[in-house]
**Q** 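Okay, handing you the structure first.
These numbers were taken from a predicted model, which means no experiment stands behind them.
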Amino acid sequence: MPVDFFTKESTMSEEVIVRFPPSPTGYLHIGGARTAIYNWLFAKKHGGKMILRIEDTDAERSTEESIQGILDGLAWLGITFDQGPYFQTEFTSQHMAAAEKLLATNHAYKCFCTKEDLEAKRETAATDKGDYKYNQACRNLSPEQVAAKEKAGLPYVIRFKVPDQQDTVRFEDKVYGRIERAYVDIEDFVIVRSNGKPLYLLCNVVDDIRDRITHVIRGQDGLANTPRQILIYEALGAKIPVFAHMPLTLDLNKAKISKRSHGEIVAVHFYREHGFLPWALINFLVLLGWSSGDDREIFSQEELIQAFSFEGVNRSNSIFNYRKGDPKFFTDPKAININAHYLRSMPIAEIAALIKDDFAAEGIWNPLYESTQREWFLQTLDLIRSRFHTLQDFARQGRAYFADDFPIEERALEKNLNKTPELKSWLPLLAARFAALPDFSRENTETAARQLAEELSVKPGTLINGARTVITGQLAGPSMFEVFEVIGKERVVTRLEQVGRFFGGADL
RNA sequence: GUCCCCAUCGUCUAGUCAGGUCCAGGACACCGGCCUUUCACGCCGGCAACACCGGUUCAAAUCCGGUUGGGGACGCCA
């Protein structure tokens, strides 16, 4: 395996290449998705490429299911990549070649200290509240000593030999600015396990060199790893990429969000299943730690690509404002608000396409909605969408517009019907007036309803909201005259005539 | 414990690099009003923050030092 590609300088240094390297140990969560989004935006903005690399070196925890979940999540979001997915385990020989090179150039050494021994020392240091650092016991072993230990069959790991200098490792982070770390504060870290498997720090760097990554955009939790990785780049004689660390997303208790402690709420698929528009989720996520600098918060894809830059990335961690068990907000209120915003402003035909499956699942899909009843369908969706928060609301809260069996809200029943028992006879009267209308327009139904109200000496609202309850089962909704029009004369008249069923049933 | 990073309304943030135009702007949430047959949308208004202490300066959210608070990293995990 030739190793000179480590030193090969990029000939097309202007081209931006970024990567998203998830480890397949769970679903795609919103923190990871946000990192992917930032990478994707940056690549798009600079006409660069994005590589998807599955970091599956931890065979024990990596699963096929998880890989698929991550792929599905990215696909749903519309985060596309130009290369990959690559799998880190496919490049083990390159990782090992790099380790050999480091060994050969005296940038690394074999360490025979046992895991048990080291763990004991670490524990002792922890109990004494002291600082633990590898004591470099094997750093200066003579070639003869190493040979002897190897011959004796002693297992060893390969450690990186951190330069013995008084200086600091420094780099210019695109978000955090200048970061410095003293060499003495970096211990000789392990790059190859005793079973011969290379470790993340090494693999990650080798892969980034091979893939000619120009910009490493990742979470702030990678910030502390960066000086060590830079050391590897230098030892391998490779060009160091630009680093840009993104602030983390924490929960209300300022703890890092994770599957373990937060469950489904932080999973991308949760949002898909709960009627979120992928772009709305992206729009929300991108705002968690970044701002355009002006007052804009809603962006089209083109606008966002144009507006995005590291300048606008905040340095402090942001909080995912989710309260468990909140009856009103099942996730961050701002996320819901943004989703609702798109729901009421996007082309209605797009919504129609997105809710088809949901309607089918609820048993209220009608194929005619795509042919002869398409106009009616779109008009109805448009009428009801302003108060909806998710795509699911159309089939759930909007059921009465598409089906004759729909639930009746208890509060609507009490307030709009039970309080005025006379409606039991008034609504059939209204039905008769409506039935007699030659043209069932909103103007005509309004005139008829108001006229009847006047004749009965009741407020129009009494009649109208009584009708609302009987016709939609709900306390609130669009203008009833538009509802009448959309639901249609026949169904309106029928539902009004059946008002008796809400007053103890059969005695009509 | 060691090292690194961070600190503006409840939350997301603008303003900090180039100190005065900021008794701090926007958004979400919340409260009130208008519209109205209801709820929502929309519009109008309100509540609400520069963590603390010291320094520099005519002037500090902005610069410097410290304190406190928070986060991250310190694995033969990624």
Side-chain angles (χ1 to χ4, degrees), chain A residues 21-25 55-58 60-62 88 111 113-115 118-119 122 125-126 128-133 155-159 173 176-177 179-182 184-187 189-195 197 199-201 203-204 219-228 245 247-248 250 252 254-256 284 287-298 312 314-322 328-329 332-338 340 344 384-388 412 415-416 446 449-450 453 459-469 474-481:
Chain A
S23 61
T25 55
E55 305 218 322
D56 55 349
T57 357
D58 188 348
E60 283 180 24
R61 292 194 302 159
S62 299
Q88 195 162 57
C111 168
C113 298
T114 67
K115 194 195 278 184
L118 261 21
E119 265 167 19
R122 194 161 21 237
D128 298 349
K129 293 196 188 277
D131 181 22
Y132 170 76
K133 231 179 113 183
Y156 62 86
V157 298
I158 299 177
R159 283 183 187 273
D173 189 272
Y176 287 92
I179 304 292
E180 291 191 65
R181 179 97 183 262
V184 293
D185 287 326
I186 307 173
E187 73 170 1
F189 51 97
V190 178
I191 53 177
V192 178
R193 295 175 166 103
S194 54
N195 66 5
K197 296 274 173 62
L199 254 2
Y200 164 78
L201 237 29
C203 301
N204 193 254
Q220 196 241 58
D221 45 355
L223 197 59
N225 282 331
T226 310
R228 289 186 295 178
H245 288 88
L248 266 20
L250 312 176
L252 279 168
K254 303 249 176 102
K256 216 168 135 183
F284 164 71
L287 255 20
L288 229 46
W290 172 86
S291 80
S292 63
D294 49 41
D295 288 336
R296 286 182 299 163
E297 296 203 317
I298 298 294
N314 216 68
R315 278 175 291 278
S316 53
N317 295 336
S318 54
I319 292 169
F320 177 62
N321 191 14
Y322 159 68
K328 195 165 178 186
F329 301 105
D332 190 311
K334 191 139 188 170
I336 294 176
N337 175 274
I338 290 175
R344 61 179 182 260
I384 58 184
R385 66 163 150 177
S386 77
R387 50 189 62 62
F388 291 168
K415 193 179 171 195
N416 291 337
E446 175 156 13
R450 288 187 187 282
K459 283 192 284 186
T462 306
L463 230 41
I464 294 166
N465 285 316
R468 178 186 303 286
T469 301
Q474 293 168 335
L475 189 61
S479 158
M480 268 321 277
F481 305 111

**Q** Is there a side-chain contact between A/Phe320 and A/Leu250 (heavy atoms, below 4.5 Å)?
**A** no

**Q** For nucleotides 70-78 of chain B, give me one character per nucleotide, 5' to 3': B if any protein heavy atom sits under 4.0 Å from the base, S if the only such contacts are to the sugar-phosphate, - if neither.
**A** SSSS-SBBB

**Q** Applying a 4.0 Å non-hydrogen cut-off, can you work out what A/Gly293 is touching in the nucleic acid: base, sugar-phosphate, or nothing?
**A** sugar-phosphate

**Q** Nearest nucleotide by nearest heavy atom, which residue falls closer to the 5' end of RNA chain B, A/Asp295 or A/Gly289?
**A** A/Gly289

**Q** In B/S/- notation, 5' to 3', how is nucleotides 39-53 of chain B contacted by protein heavy atoms closer than 4.0 Å?
**A** BBSS-----------

**Q** Could you check A/Pro333 against A/Thr462 and say which one's nearest nucleotide on RNA chain B is further toward the 5' end?
**A** A/Pro333

**Q** Is there a Watson-Crick or G-U wobble partner for B/G45 with both distances under 3.5 Å, and if so, which one is it?
**A** B/C31

**Q** Name the pairing partner of B/G1, where a pair is Watson-Crick or G-U wobble with both distances under 3.5 Å, or state none.
**A** B/C74

**Q** Around A/Arg387, counting heavy atoms of other residues, nucleotides and ligands shown, do more than 12 lie under 6.0 Å from its CZ?
**A** yes

**Q** Does A/Ser291 have a side-chain nitrogen or oxygen under 4.0 Å from the phosphate oxygens OP1 or OP2 of B/A14?
**A** yes

**Q** OP1, OP2 of B/A14 versus side-chain N and O of A/Asn314: anything below 4.0 Å?
**A** yes

**Q** Quick one: ring-ring contact (aromatic ring centres under 6.0 Å, His included) partners of A/Phe388, sequence neighbours excluded?
**A** A/Phe394

**Q** Need the pair for B/A7. Rule: Watson-Crick or G-U wobble, both distances under 3.5 Å, any strand; none if unpaired.
**A** B/U68

**Q** With side chain to side chain donor-acceptor pair (under 3.5 Å) as the test, would you mind laying out the steps for A/Asn416 and A/Thr469 before giving the verdict?
**A** CA-CA 7 Å; A/Asn416 291 337; A/Thr469 301; 3.2 Å; yes

**Q** Determine the interatomic distance between P on B/G25 and the same-named atom on B/A61; round to the nearest Å.
**A** 14 Å

**Q** With a cut-off of 6.0 Å (strictly less than), are more than 12 heavy atoms of other residues, nucleotides or ligands near NZ of A/Lys197?
**A** no

**Q** Does the structure show a Watson-Crick or G-U wobble partner for B/A61, both distances under 3.5 Å? Name it, or say none.
**A** none

**Q** Quiz question: by atom type and distance under 3.5 Å, do the side chains of A/Ser23 and A/Glu55 form a donor-acceptor pair?
**A** no

